[in-house]
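For reference, the structure is listed below as structure tokens.
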Amino acid sequence: MKSLWCGIINTNCISLSIVFVLKNLKGNLCYLTVSPAGPVSVEALVGTNVTLGVSHAGASQPEVMWFMGSRLIAKWTVGDDSLPNVASNILKPEQDGSLTFINVPLSYNSTYTVEMTKIGEAKVSATFDLFVYDIIMNVSLHTASDDAVEGEVKFTLYYSTMRGEAKEVRWLFNGLQLKNGSHYSIGGKKLTINQLSRNDTGRYTVLLTNPFSSETHHRNVTVLYGPDLPVLKVSPTKAVFVSGESLFLSCQAEGEPAPSTSWFFNGESIATSPAGTVHLNNVKTSQSGVYTCVMVNTRTEVTLERNVTVIVYEPPSGGPLCSVQAVNGSAALQFLCLWPGGAPEAQVSFPGLSYNASGYSNYSITINDIQRLNGQEIICKAEHPLNQTQCSVIPRGPVDFLPVVLTSMSEDERTMVVIHCSAEATPEALVLWIKNGEHLQTGSKYQISTNTAQLFIHDFNATSTDLDTYTCTATNPLGNTTVDTTLLGPQISNSSVFLSDDQTEVTLTWHVPLTSVITGFDIQMKGPELSSPSQPKRNIMSDFCTIKVMPASAGNTTVSGLDPKSTYYFRIVPKAGRTAGEPSEQLRIGPAAGLSGAAIAGLAAGLPCAVLVLLVVLGFICCGTRDRSPRYPVSRAVEKVVICRSTLLRGRLKPPPEYRLHQTERSGPLPSVNSGVRMATTV
Ligand SMILES: *[C@@H]1O[C@H](CO)[C@@H](O)[C@H](O)[C@H]1NC(C)=O
Ligand SMILES: *[C@@H]1O[C@H](CO)[C@@H](O)[C@H](O)[C@H]1NC(C)=O
Ligand SMILES: *[C@@H]1O[C@H](CO)[C@@H](O)[C@H](O)[C@H]1NC(C)=O
Ligand SMILES: *[C@@H]1O[C@H](CO)[C@@H](O)[C@H](O)[C@H]1NC(C)=O
Ligand SMILES: *[C@@H]1O[C@H](CO)[C@@H](O)[C@H](O)[C@H]1NC(C)=O
Ligand SMILES: *[C@@H]1O[C@H](CO)[C@@H](O)[C@H](O)[C@H]1NC(C)=O
């Protein structure tokens, strides 16, 4: 039917008018034409039969030639029964000029051209594309390099198949189709990722399709990276730790794989937990410093190092100590401020002395212009990061003072007198001792204490020139003070007596001058003997007898066992070693109001002692004589006899104790007799 209409539709006809004239004539008046009988692009599965179909018009029995590319593969005459020139069992010429491929192999994938010719006619042709596909099988995906590492310029995934080619290739990343662009380059059988980053970690899929099959394949790609910039932490978060505290160091960084962490201090590896932390327990100042965290990506061997500084401080021990001392051989003062033991060292300064007067732990500054500093508080500012404090010292010249006299007696009754000249002064004063215009030095008689504040007078003889004025001068760079101490022999400045309500007991009290040299007191009594259960009978003691010995520290005593109806006289005899001083006034108690103390004394003197010695078994030595002291001491053996037998006092006759310890500073009103000058200076 087509051939009938060829004159109308085919431009090969001479002219429309001729076509019209020859309308009813035979068709061979038209030119030869050839056209595909189906699609010109043919897809075929390998091994199947496929035909490239053509039809022709305008001439009968034209010669047909098929070319694969430019190579002639078949030639025959349409309508001819014999089909020569086909040297293949794959190609099968058809009567109408079409070409059939039997069990088409992949190698017949090509462009085919059919040409038809007829004598007297122009050569005509048509072109086909034959695509032979196989079933896609065994797709695999592989990468150009083993490890994908972040920052790589290119990372490529390849696919391959064991059978079958794809007509269409699609790449997917985590299920989303990838597009050709700046990050992904798709082409050939590969996917190239440009500038690989950690975000490219994921599942890659290639989807291969052809008209007969489709296959997908996945591959997981892990992009290695890190360690990233780590986060270093010191917990608790503190700028400064105090020794003894505990802390944790941690170091964390992102990475694939997660980096392994180790810590170093001073170049030495330190114990690190699997989590990469370090526990420092009970830190010491030696643990202050830079800690280095080293992180390694074990796959890529990329190493990162970071430092963190831990500061451990220790406060200095105690508080700062301020002091001032004289500088040998000059009138200067050295101020010291000491605050050791801290870490870091404490800064100590004397802002009041000089702007830049500062140092560490132990600082001293010497000042020459010192008089203006007398009595001024000099402050040392002591500053440590953990503690700010201060100390101060007030330099002072020696101030007026009271000397203190102490007396003691050794076993062999040798008396030692100590004079203390403890002048308050900062720095401590040096004391010079002078007697009779002569400097006293340490020797057999005198001894001066190391701090010079005490003078020891050995073998003190209360009847010799030992009783004299001793001058002490306390000196420091800021001034000096001189005090005279006039030592007095044993004496009582005043005394009194109190009788108890039942009149059988008296209390004697007495005072002595401050500078009186005294090692003890004899308490003497005159009157009826004291009663006691063993000896109720009372003899009359017509002269003073020692009934009690009191230490130098004593200022009162009680005597009991008195006969309320009798009259008694008491007196106190001060003693310095063996030297007895003038007794106190006589203290009378009892009804005999008519007699004065002097009368009694006179009466006593009139009675011969010897008679009494005979009357009383042991006998008494009269002690009540009014001798003026000093008088020579009697020997100890004799003295024992002197003690009235009837005295039953508990203390009896112990040797006088070492008074040094008991003897307290005698305070109280200074007797004016003693040292008026000193009074004037001390008050
Ligand atoms: C292909 O053609 C051959 C020869 O004509 C025939 O034997 C065979 O059965 C055909 N195959 C198919 C699948 O049609
Ligand atoms: C190809 O794939 C098929 C099925 O998927 C499998 O049976 C065969 O072993 C594979 N061949 C190879 C060489 O991997
Ligand atoms: C992708 O782009 C490149 C050039 O950028 C090009 O050569 C390639 O053919 C493209 N591939 C696809 C599938 O578009
Ligand atoms: C790849 O990753 C997916 C999840 O992202 C997982 O389900 C799958 O098992 C992985 N495949 C391989 C071969 O590791
Ligand atoms: C860390 O400290 C050490 C020693 O103090 C030093 O040598 C190193 O350069 C420091 N490293 C860094 C990254 O600051
Ligand atoms: C005490 O001094 C006097 C006078 O200097 C002297 O006669 C006496 O022997 C001395 N006594 C003692 C125990 O030394």
Side-chain angles (χ1 to χ4, degrees), residues 37-38 42-53 66 73-74 76 81-83 86-108 130 132-142 158-166 189 205-219 226-234 249-255 259-270 272 276 278 280 283 285-297 301-312 344:
V42 179
E43 290 168 335
L45 180 63
V46 72
T48 57
N49 297 345
V50 61
T51 300
L52 302 180
W66 284 89
I73 52 166
W76 72 96
D81 285 342
S82 65
L83 295 167
V86 177
S88 158
N89 55 359
I90 291 168
L91 299 175
K92 181 184 166 224
E94 300 288 347
Q95 291 291 344
D96 61 355
S98 298
L99 182 65
T100 295
F101 299 78
I102 309 293
N103 301 330
V104 65
L106 284 173
S107 56
Y108 279 75
L130 177 60
V132 184
Y133 291 99
D134 199 350
I135 299 290
I136 300 168
M137 288 181 77
N138 300 71
V139 182
S140 62
L141 262 178
H142 42 264
Y158 299 87
Y159 76 81
S160 62
T161 57
M162 261 168 89
R163 274 179 64 189
E165 286 303 320
K189 294 186 171 181
T205 305
V206 66
L207 173 59
L208 303 177
T209 53
N210 65 23
F212 306 100
S213 67
S214 88
E215 276 294 316
T216 58
H217 195 74
H218 309 285
R219 188 182 175 97
D228 282 353
L229 217 57
V231 178
L232 269 81
K233 265 209 302 217
V234 180
L249 299 176
S250 74
C251 177
Q252 271 166 348
E254 297 269 309
S260 79
T261 304
S262 46
W263 283 90
F264 292 83
F265 178 60
N266 284 342
E268 305 254 311
S269 171
I270 49 177
T272 308
V278 167
L280 300 180
V283 284
T285 54
S286 60
Q287 288 174 293
S288 261
V290 175
Y291 286 78
T292 304
C293 162
V294 177
M295 279 151 295
V296 180
N297 184 320
E301 286 172 0
V302 172
T303 300
L304 197 68
E305 189 184 300
R306 280 293 178 277
N307 287 342
V308 62
T309 302
V310 171
I311 299 173
V312 182

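As the structure lists them, so they are numbered: ligands from 1, and atoms in each ligand from 1. Quantities reported herein were computed from a predicted structural model and do not represent experimental measurements. Hydrogens, waters and symmetry mates are skipped; everything else that's a heavy atom, side chains included, is used.
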Using modelled atom types only, decide if a donor and an acceptor are shared between the side chain of [X] and the backbone of [Y] within a distance under 3.5 Å.
X    : Y    : answer
T272 : I270 : yes
W66  : G97  : yes
R306 : C293 : no
N210 : D134 : yes

In chain order, what residues pass the salt bridge (Lys or Arg N to Asp or Glu O under 4.0 Å) check against E165, with sequence neighbours excluded?
K189
I'd like to check the salt bridge (Lys or Arg N to Asp or Glu O under 4.0 Å) partners of E43; sequence neighbours left out, ordered by chain and number.
K167
Write out each pair where an N or O from ligand 2 and one from the protein are under 3.5 Å apart, with the distance.
residue, atom, partner, partner atom, Å
ligand 2, 2 (O), N138, OD1, 2.8
ligand 2, 2 (O), N138, ND2, 2.6
ligand 2, 11 (N), N138, ND2, 2.6
ligand 2, 14 (O), N138, ND2, 2.9

Does V294 form a side-chain contact (heavy atoms from CB on, under 4.5 Å) with W263? I'd like the steps, not just the answer.
CA-CA 6 Å; V294 177; W263 283 90; over 6 Å; no
Hits for side chain to side chain contact (heavy atoms under 4.5 Å, CB included) against T100, two or more places apart or cross-chain, chain-then-number order -> T51, K92, E94, I102
Atoms in ligand 5 with a heavy atom of N307 nearer than 4.0 Å:
1 (C), 2 (O), 3 (C), 8 (C), 10 (C), 11 (N), 12 (C), 14 (O)
Do any nitrogen or oxygen atoms of N49 lie less than 3.5 angstrom from nitrogen or oxygen atoms of ligand 1?
yes
Please state whether E305 comes within less than 4.0 angstrom of ligand 5, counting heavy atoms only.
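Yes.
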Against ligand 1, does T48 come closer than 4.0 Å with any heavy atom?
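Outside the 4.0 Å threshold, so no.
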